[in-house]
Structure formats: C-alpha cells, structure tokens
Amino acid sequence: MSRILVLGGTRFVGRAIVEQALVSGHRITLFNRGLTDAGLFSNEAEIITGDRRNEQDVTQLEAASWDAVIDVSAYTPSDLHAVLPALERRTARYCYISTISVYRSDIAAGADELAPTIEVEPSIARTDPLAYGGLKALCERQLAERFTGRLTVVRPTVVIGPRDPTDRFGWWVRHVAPGGNVTVPPRVDQHVQLIDSRDLAAFVVSVVERGVDGAFNAAGPLQPLTLGAMVDTIAEAAGVTVNQEPGTDDGGFPLTVGAGDSDAVFRVSIKAALEAGLHLRPLTESARDVLSWERTRTGV
C-alpha cells in the first residue's frame with residue numbers, strides 16, 4: 001500500500017485514476033478546489049480543498065509526505081509554481097499526466113517519446129493553437145529539473161470512455177449508433193489514436209507502483225486505426241449496419257486533422273508504454289460502454 005496524493009482527481013481522467021488506485025489498495029489524498037463532484041470519494045479518501053495556484057492553500061500539503069504524487073490538473077507552468085516547492089521533498093515520485101499534443105506538428109509517423117516537442121513562451125495566449133501542447137511541454141521541462149530520476153510523464157492521446165466531457169468519441173458513437181447512412185469526413189483513411197480512460201488509469205497506477213521513470217505515449221489500439229475503421233467498429237459495437245457517405249469537408253467532425261495536414265500525431269509509437277505494461281481493451285468494448293452511458297443521459 002502506498003500513500004498517493006492526486007492533484008485534481010474528480011473529473012474524467014483523474015476520477016478513473018483515483019478509482020483504480022483505490023481498487024489497488026492505496027491510501028489516497030485529493031487536493032483540488034472542490035468545484036467538480038465535491039463529495040466524490042469523501043468516504044474513501046482524504047480530501048484537502050484548495051487552489052494549487054494559491055501559496056497559502058498549498059501550505060496544507062506541507063504537513064505530510066507521499067510515496068507518489070499524480071498530477072492531473074497542471075496545464076501551465078503557473079500551475080506548478082506553488083506546488084513544486086511544497087512537494088519536491090515530500091514525495092518519492094512525481095507522475096505528470098501530459099498529452100500527445102506536446103509534439104511538434106512536423107513529427108514523423110511512428111515517432112517515439114524522443115520526438116521534438118513544441119517550444120513556446122509561458123506568456124503565450126491561451127487561444128493560440130500551440131498553447132495547450134506547448135504549455136504542457138513547458139510543465140514537463142520544469143518537472144524534469146525538479147524530479148530527476150523520479151519523474152514519470154504519461155502522454156495520452158484522445159481519451160475515451162464514459163463521462164468523457166470532451167464529447168469527441170461520444171459524438172461519433174451517437175452519430176453512428178442509429179445505423180444506415182452515416183456521413184463521414186472525406187479523409188476516412190486518416191489515422192486516429194484513442195485510449196480508454198480505464199486503461200490509462202491502470203497504466204498510470206502501475207508505473208507509479210513500480211517506480212518507472214521516463215515518458216510514455218499512452219495510445220491505442222495496438223494496430224493502426226483509421227476514421228473509417230473506427231466508424232465500422234462503433235457500428236459493430238452498436239449492432240447496426242452503416243453505409244459511409246463521405247462529406248465534402250472536415251467541418252464539424254471530431255477527431256479530424258485539417259485538410260492536407262499530417263496525421264502523424266495520431267500515429268505515434270506506443271512501444272515504450274507496451275513494454276512498461278500498458279494493456280489495451282478492444283475498441284468495441286469501449287464503444288459499447290460509451291453507448292450505454294450515452295443512452296443513460298441522452299436516450300440515443
């Protein structure tokens with residue numbers, strides 16, 4: 001049993017990680033603002049309410065130490081300024097949930113974790129297309145300076161599953177589930193990579209338990225997947241037959257890259273993660289579970 005501090009932990013990815021850690025028998029402390037599902041895990045974990053950007057709130061973390069910190073909620077370097085001094089000497093391992101978006105757009109298909117990442121200034125406007133991945137990459141660099149030899153960075157691709165607030169895969173499930181004629185983007189051969197939140201959570205908890213260093217692309221499935229094949233897989237999961245009708249442009253379709261743009265960001269290597277113990281469930285299973293969840297909330 002380890003004592004694990006989770007920064008965040010009540011939304012989609014963080015929630016899945018906390019659920020997995022509890023099932024695995026760990027003692028969990030959550031530190032967050034209490035804005036999302038505030039009562040979640042209150043009977044199973046210690047809850048510390050505070051804003052990670054507020055130095056006074058962060059002092060609450062100085063009364064204890066942890067075997068590991070799992071950071072789900074740092075999006076910019078400013079999210080790290082207060083917590084790093086407080087946690088640097090109070091944890092044996094820091095696990096940062098980053099993103100596949102840290103990579104530059106000109107990476108090659110099959111790129112591994114050594115591929116070049118985006119470089120931006122901390123002052124970049126949040127509306128800039130490079131801001132999300134670039135600021136996450138800055139967070140990775142700051143953490144690497146503080147936690148040499150005890151840092152795990154997990155870079156998920158598009159995360160799917162029940163309770164997904166981004167609605168990217170859920171949109172496709174609702175779109176395909178009725179069957180019949182289904183409008184698809186013109187580039188149905190565009191690749192896409194996805195990972196179920198529960199598979200991501202199991203991997204995160206596993207590498208933390210074993211103290212695995214390094215960065216890992218967390219993506220699936222095992223074999224290359226195109227948008228067209230994804231639609232067929234969703235149809236199979238829903239028990240329907242579809243006829244794919246290519247539209248005239250990519251407008252409005254989630255998971256598409258721009259016309260003429262490379263899809264290499266959806267073709268990264270997952271060899272390192274697989275060797276470190278990543279296990280992936282069939283996409284049909286994820287699609288069925290998402291469909292069941294969609295039916296409870298939308299009646300699709």
Side-chain angles (χ1 to χ4, degrees), residues 4-18 21 28-38 40-41 45-66 68-103 117-148 150-159 165-166 197 200-201 204 207-208 215-216 218:
I4 298 174
L5 171 66
V6 179
L7 302 178
T10 57
R11 294 193 71 194
F12 185 41
V13 170
R15 177 174 181 161
I17 290 171
V18 172
I28 305 300
T29 298
L30 302 185
F31 178 73
N32 55 52
R33 293 175 296 173
L35 301 180
T36 304
D37 290 329
L40 191 64
F41 303 123
E46 178 187 14
I47 310 295
I48 302 177
T49 302
D51 188 335
R52 63 180 299 154
R53 294 190 178 200
N54 185 304
E55 293 184 3
Q56 186 62 40
D57 287 355
V58 170
T59 60
Q60 298 175 88
L61 303 178
E62 297 177 356
S65 60
W66 292 270
V69 172
I70 300 176
D71 190 345
V72 190
S73 59
Y75 295 93
T76 73
S78 58
D79 291 329
L80 297 175
H81 290 167
V83 297
L84 291 193
L87 296 176
E88 186 175 9
R89 294 179 177 83
R90 291 181 173 83
T91 183
R93 173 153 302 277
Y94 203 104
C95 179
Y96 178 52
I97 309 304
S98 186
T99 171
I100 218 77
S101 297
V102 296
Y103 294 117
T117 56
I118 299 170
E119 296 186 14
V120 300
E121 294 297 325
S123 58
I124 187 173
R126 294 295 295 271
T127 55
D128 191 300
L130 296 178
Y132 176 63
L135 292 172
K136 280 278 199 177
L138 276 177
C139 288
E140 288 189 15
R141 295 181 192 116
Q142 289 195 7
L143 288 165
E145 293 174 358
R146 295 267 192 166
F147 294 93
T148 303
R150 52 197 182 106
L151 175 65
T152 308
V153 175
V154 180
R155 296 170 176 163
T157 182
V158 174
V159 185
T166 72
S197 61
L200 173 61
V204 168
V207 293
V208 165
F216 300 93

*Asks:* Quick one: CD on E119 to OG1 on T117, what's the gap to the nearest 0.5 Å?
*Replies:*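 Answer rounded to 0.5 Å: 6.5 Å.
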
*Asks:* Taking G133's backbone N and O only, do any of them form a donor-acceptor pair with T99's side chain (distance below 3.5 Å, no angle check)?
*Replies:*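 No, T99 side chain to G133 backbone: no donor-acceptor pair under 3.5 Å.
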
*Asks:* Rounded at 0.5 Å granularity, tell me how far CZ in F12 sits from CG in L200.
*Replies:*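 That separation rounds to 8.5 Å.
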
*Asks:* At what distance, to the nearest 0.5 angstrom, does CD1 of I70 lie from CD1 of I4?
*Replies:*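 Result: 5.0 Å between the selected atoms.
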
*Asks:* Would you call C95 and V204 a side-chain contact if the rule is heavy atoms closer than 4.5 Å?
*Replies:*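 When only atoms from C-beta onward are counted, V204 and C95 do touch, with a gap below 4.5 Å.
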
*Asks:* Of all heavy-atom pairs between I97 and P156, which one has the smallest distance, and what is that distance?
*Replies:*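 Where I97 meets P156 most closely, the heavy atoms are CG2-CG, 4.0 Å.
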
*Asks:* Check side chain to side chain donor-acceptor pair (under 3.5 Å) between D71 and all other residues, then give those that pass, not counting sequence neighbours.
*Replies:*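 Scan of D71 (side chain to side chain donor-acceptor pair (under 3.5 Å), adjacent residues dropped) gives R52, Y94.
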
*Asks:* Which salt bridge (charged side-chain N to carboxylate O under 4.0 Å, His left out) pairs, counting each pair once, include a residue from residues 125-147, with sequence neighbours left out?
*Replies:*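 Checked against salt bridge (charged side-chain N to carboxylate O under 4.0 Å, His left out) - neighbours excluded - the pairs reaching residues 125-147 are E88-R146, E140-R155.
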
*Asks:* Please name all residues satisfying side-chain contact (heavy atoms from CB on, under 4.5 Å) with A86, sequence neighbours left out, ordered by chain then number.
*Replies:*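 For A86 the side-chain contact (heavy atoms from CB on, under 4.5 Å) partners, ignoring immediate neighbours, are V58, E62.
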
*Asks:* If you look at every heavy atom in V208 and A68, which pair is closest and at what distance?
*Replies:*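 Here V208 and A68 meet closest at CG1-CB, 3.4 Å.
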
*Asks:* With sequence neighbours left out, what residues match F31 under ring-ring contact (aromatic ring centres under 6.0 Å, His included)?
*Replies:*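 Listed in chain order: nothing, the list is empty.
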
*Asks:* Taking side-chain contact (heavy atoms from CB on, under 4.5 Å) as the criterion, tell me which of I48, T49, T10 meets it with L30.
*Replies:*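 The side-chain contact (heavy atoms from CB on, under 4.5 Å) with L30 is passed solely by T10 among I48, T49, T10.
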
*Asks:* Could you tell me which residues satisfy side chain to side chain donor-acceptor pair (under 3.5 Å) with S78, sequence neighbours excluded, listed by chain and number?
*Replies:*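 Partners of S78 by the side chain to side chain donor-acceptor pair (under 3.5 Å) criterion, ordered by chain and then number, come out as R53, T76.
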
*Asks:* Taking all non-hydrogen atoms of both residues, which atom of A131 and which atom of A125 are closest, and how far apart?
*Replies:*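 Shortest heavy-atom contact: CB-O, 3.3 Å.
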
*Asks:* For R11 and V72, indicate whether the former's side chain and the latter's backbone hold a donor-acceptor pair under 3.5 Å.
*Replies:*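 Between the backbone of V72 and the side chain of R11 there is no qualifying donor-acceptor contact (under 3.5 Å).
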
*Asks:* Would you please name every residue forming a side-chain contact (heavy atoms from CB on, under 4.5 Å) with E55, sequence neighbours left out?
*Replies:*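 So E55 forms a side-chain contact (heavy atoms from CB on, under 4.5 Å) with A82.
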
*Asks:* Suppose we screen for side-chain contact (heavy atoms from CB on, under 4.5 Å). Which residues come up paired with C139, at least two apart in sequence or across chains?
*Replies:*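 P77, L80, Y96.
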
*Asks:* Give the minimum heavy-atom separation between D57 and D51, together with the two atoms involved.
*Replies:*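 Answer, listing the atom of D57 first, then D51: OD2-N, 2.9 Å.
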
*Asks:* If you look at every heavy atom in A218 and V154, which pair is closest and at what distance?
*Replies:*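 Minimum heavy-atom contact is CB-CG1, 3.8 Å.
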
*Asks:* The criterion is salt bridge (charged side-chain N to carboxylate O under 4.0 Å, His left out); which residues satisfy it with R15, sequence neighbours excluded?
*Replies:*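 Counting only residues at least two positions away or on another chain, R15 forms a salt bridge (charged side-chain N to carboxylate O under 4.0 Å, His left out) with E19, D37.
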
*Asks:* Can you tell me how far apart CD1 (I47) and CZ (F41) are? Round to the nearest 0.5 Å.
*Replies:*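 One finds 8.5 Å between CD1 of I47 and CZ of F41.
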
*Asks:* Going by the rule side chain to side chain donor-acceptor pair (under 3.5 Å), which residues pair with E46 if we only count those two or more places apart in sequence or in a different chain?
*Replies:*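 R3, T29.
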
*Asks:* What verdict does the side chain to side chain contact (heavy atoms under 4.5 Å, CB included) test give for L5 and L87, after you've listed the backbone C-alpha separation in whole Å, the side-chain angles of each residue and the deciding distance to 0.1 Å?
*Replies:* CA-CA 10 Å; L5 171 66; L87 296 176; 3.8 Å; yes

*Asks:* Would a 4.5 Å heavy-atom cut-off, applied to side chains only, mark V6 and I28 as touching?
*Replies:*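 Yes. Closest side-chain heavy atoms under 4.5 Å.
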
*Asks:* Not counting sequence neighbours, which residues clear side-chain contact (heavy atoms from CB on, under 4.5 Å) with P129? List them please.
*Replies:*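 Once residues adjacent in sequence are excluded, P129 has no partner under the side-chain contact (heavy atoms from CB on, under 4.5 Å) criterion.
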
*Asks:* Please list, chain by chain and in numerical order, all residues satisfying side chain to side chain donor-acceptor pair (under 3.5 Å) with T166, sequence neighbours excluded.
*Replies:*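 Applying side chain to side chain donor-acceptor pair (under 3.5 Å) to T166 gives D164, R168.
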
*Asks:* Go through the steps for L130 and I124 under the test side chain to side chain contact (heavy atoms under 4.5 Å, CB included), then give the verdict.
*Replies:* CA-CA 8 Å; L130 296 178; I124 187 173; 4.3 Å; yes

*Asks:* Could you report the tightest heavy-atom contact between S197 and A16, atom names first, then the distance?
*Replies:*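 For S197 versus A16, the nearest heavy atoms are O-CB, 3.7 Å.
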
